[in-house]
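Note sheet for the following structure.
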Amino acid sequence: MLVLLIISWAFTVAVATVSYDNKAILINGRRRILISGSIHYPRSTPDMWPDLIQKAKFGGLDVIQTYVFWNGHEPSRGQYNFQGRYDIVRFIKLVQQAGLYVHLRIGPYACAEWNFGGFPVWLKYIPGIAFRTDNGPFKAEMQRFTTKIVDIMKAERLFEPQGGPIILSQIENEYDLVEYQIGNPGVAYSRWAAAMAVNQHTGVPWVMCKQQDAPDPIINTCNGFYCENFTPNRNYKPKMWTELWTSWFTEFGGPAPYRPVEDIALAVLKFIQNNGTYFNYYMYHGGTNFGRTAGGPFVATSYDYDAPLDEYGLPREPKYTHLRELHFAIKRAEPALVSSNPMVMSLGSNQEAHVFKARGLCAAFLSNYDQTYSVTVNFGNGRCNLPAWSISILPDCRTEIFNTAKTRLHGSHKNMLPVMGSFWWQSFTEPVTTPADKGSFTVDGLKEQLSVTWDTTDYLWYMTDVTIGANEGFLRTGKLPILSIQSAGHALQVFVNGQSVGIAYGKAENPKLSFWKAVNLRVGVNKIALLSATVGLQNIGLHFESWNAGILGPITLSGVNDGKWDMSRWKWSYKKGLNGEDMGIFSSRGSSFVRWTGGAGLVTRRPLTWYKTAFDAPQGNEPLALDMSSMGKGEVWINGQSIGRHWAANKAYGSCGRCSYTGYYNEKKCLSDCGSSSQRWYHVPRSWLSPKGNLLVVLEEWGGDPRGISLVRRTG
Ligand code: GAL
């Protein structure tokens, strides 16, 4: 029996290993060129997962890469959630069933345009904590969560040596820059993080992306639009590319970036011909920032990313198919690629050949880096036409089977076809909050927003009274006083005596905002109520946990007899959240707590108004979305679940010219939707719908007309 056990143990160890050398990751002793794609499990629904994974497999991927989203898994300290969209074990098992591998980026810092970079907001309020540095309380929490995830994966036997699909893990994320900025504590922290990870004994290699000093045995990897010139920090580590950006994310207020597939394919082959061995599309399917998961500030609800699988899970052409053909061409060349180093030959002033030769194998890459001209080169026993800015693969050194610039399919135009336009809407307008409302409290001065809300809601009310004496000069002259407000962001709506007098909001590059307006004040007490809203918390940058939100002042009133009043130190009352949120009126139970009015009583274009309607699911299974272009800013719920923030009123600023695939790409090069809503359509997951009577609730902060909302089908 003992002998049998030893034999089976030895057998397991012998066949199921993941290791690496300077050439490649080795799985069970075999060197591989691994083709990977990011799909973040909470950015789609469990119902979509099998299809996304199948399409990724059909697209030629070997590996699915995902971050682990700490704040989704531990919303309150010690209370875990591994259900629904956060059922990470189910997601990984589905990948395994499809026969693909997993690269698990535990982080637990993710960045990812995800709220607070993936950190739970309660983490910020642990006494003495400082994120991502040599700080005891932070390291203790990071280790606890990392261990929790590793233990779950081990218990489910999901690491490759246990027979599972996980072949790689990641600790931290792009720490280089922070380390450079903070010096010694940063060096100490990254060493600690590396040792902590290695001591988890997962049996698979760890990577640290953008971490030049990643200690052995951790592999440092590259992230970027191009990575051909990257070299690992030791000559015995393989050259890996953990984030190949398939385009970029959209921000509210910005245009939608896209990246031509010809350039992505070129970037891949430049990397592969320079000994690259693993690359991961970030994103392969971007998906949706449901609920309040978007980071930022100002990251849009759609995380489409111009990825090969679009936000709705449909193939985006010609991207998807062209990359699929690229992958099959790489696979044909793989035996030669993993067995030799390339010989590089010049074929002209801007043209080269990379030839991989080993034991009867030969694969060649022919490149033309000229941005304007195509060329015909002589190679082997034939001639090969190379369009501008392109690379061809000849897996047998004779026949071209793929060129990065020769796409066979044309762009398919995705349509958003209305299926339902005239919903029967009812409205409910929130009264503007007063200090007498339940849950309000009063203190001297202005409070930072997150310190009050802990991000349980986007909203915080700031309220004060302004008493105007009958002797104020402006009452006679009619020259109204000016209310001026400085806020750390992200958006603001100002009410005077219950009336909205204006809005202001920041931008992604600078979330701070200023409000300045002449206001009509009357003799006696005037009620000032300021509704401050966050739009996703900071997810990147040095000590991003210390970024403030909300109205920090100064707040002044000028044009009074005294000249100017500084109201910043006055008594201010606070109330977090909206009444509708407190009552949960977006759910079927909560919606019965208020009186809705419809028909002639429907209120439109009024701030702080909730709308509800019911609808039956359209036939078929095409993906669905809401066209929100008639609305301002707020949030949308289907059957009680939030599909995310809507903000069609925020128009894309910038100029969107024509964009050529040739020449180096960056996220500002190819843009669309300038002058239109940054995001007009909002994904409604099919699986959230019942056949009949679905509750749709829209919160509108600024004023909109719900009669313009329609449900559309996305068709391929
Ligand atoms: C990277 C980061 C990712 C994501 C990406 C931009 O620097 O590692 O998490 O934020 O940028 O989409």
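Atoms within a ligand are numbered from 1 in the order they appear, just like the ligands themselves.
For ligand 1, one of its N or O atoms has an N or O atom of Ala112 under 3.5 Å away. By the 3.5 Å distance cut-off applied to N or O atoms, Glu113 is counted among the residues near ligand 1. Between Glu174 and ligand 1, at least one N/O pair is under 3.5 Å apart.
Heavy-atom contacts of Ala110 reach the following atoms of ligand 1: 9 (O) (cutoff under 4.0 Å). Within the listing of ligand 1, atoms 6 (C), 12 (O) sit less than 4.0 angstrom from a heavy atom of Tyr305. Ligand-side atoms of ligand 1 in range of Trp248: 6 (C), range being under 4.0 angstrom from any heavy atom. For ligand 1, the atoms sitting less than 4.0 Å from at least one non-hydrogen atom of Tyr303 are 12 (O), numbered in the order shown with element in parentheses.
Taking both residues in full, the closest heavy atoms of Ala112 and His40 are given as CB-CE1, 4.4 Å, listed atom of the first, atom of the second, then distance.
For Tyr109, the closest heavy-atom approach to ligand 1 does not fall below 4.0 Å. At least one heavy atom of Tyr67 sits under 4.0 Å from some atom of ligand 1.
Closest to atom 2 (C) of ligand 1, if we only count protein heavy atoms, is Glu243 OE1, 3.4 Å.
Between Cys222 and Cys209 the SG-SG gap reaches or exceeds 2.5 angstrom.
A ring-centre distance under 6.0 Å is found for Phe138 and Phe119. Here the two rings, on Phe116 and Phe544, have centers that are under 6.0 Å apart. Remark: aromatic rings of Phe225 and Tyr664 are distant, center separation not under 6.0 Å.
Under the rule for a salt bridge (Lys or Arg N to Asp or Glu O under 4.0 Å), the partners of Lys270 that lie at least two apart in sequence or sit in another chain are Glu228. For Phe252, the ring pair (Phe, Tyr, Trp, His ring centres under 6.0 Å) partners two or more places apart in sequence, or in a different chain, are Trp647.
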Query raised in the report: Would Thr404 and Glu262 satisfy side-chain hydrogen bond (donor to acceptor under 3.5 Å, both in side chains), going step by step from the backbone distance to the final call?
Result: CA-CA 5 Å; Thr404 56; Glu262 295 88 341; over 6 Å; no

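Contact annotation for Asn173 and ligand 1: only side-chain heavy atoms (C-beta onward) come within less than 4.0 Å of the ligand. Neither the backbone nor the side chain of Lys210 has a heavy atom within less than 4.0 Å of ligand 1.
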